[in-house]
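To start, the structure itself, in structure tokens.
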Amino acid sequence: MSVSVAAIALMAATSPDRMAAGIGLAVAAVAALLLLQGAGLLAIIIAGGAAAGVAWLAQRQIGGQTGDVLGATEQIAQAAFLAGLTLAI
């Protein structure tokens with residue numbers, strides 16, 4: 001579920017298929033909201049902010065994304081998602 005949250009970073013920068021990223025993000029968000037209710041919403045917001053921050057930093061520092069940046073974004077978004085769940089629960 002938190003892996004799909006990294007789709008925010010893909011949508012913020014260039015990606016091969018924005019529609020697929022958007023659908024993945026929507027499915028993950030609906031699943032988190034249904035299964036985790038308020039805790040899921042907080043976790044999604046925190047993870048999305050973390051992923052957007054990494055995308056912004058990558059754009060500012062190196063002018064875009066690489067595979068390493070996407071991998072780091074996924075790891076940071078996942079950690080932020082879990083931290084958000086911890087805070088909410």
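Quick caveat, the model's predicted, so the values are computed rather than measured. Computation of the quantities below employed the complete heavy-atom set of this structure, encompassing side-chain atoms and omitting hydrogens, waters and symmetry-equivalent molecules.
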Can you hop from I45 to V54 via hydrophobic side chains spaced under 4.5 Å? no
In short, G40 meets L85 closest at the heavy-atom pair N-CD2, 4.4 Å
Co-members of the apolar cluster containing V30 [side chain, <4.5 Å]: L34
Should I46 and F81 count as side-chain neighbours, where that means a heavy-atom distance under 4.5 Å? no
When clusters are formed by joining ILVMFWY residues with side-chain heavy atoms under 4.5 Å apart, either directly or through shared neighbours, do L42 and L33 land in the same one? no
Would you please test V69 and I62 for side-chain contact (heavy atoms from CB on, under 4.5 Å) and show each step? CA-CA 10 Å; V69 172; I62 61 173; 3.9 Å; yes
Search all heavy atoms of A47 against all heavy atoms of A77 and return the closest pair with its distance. CB-O, 3.5 Å
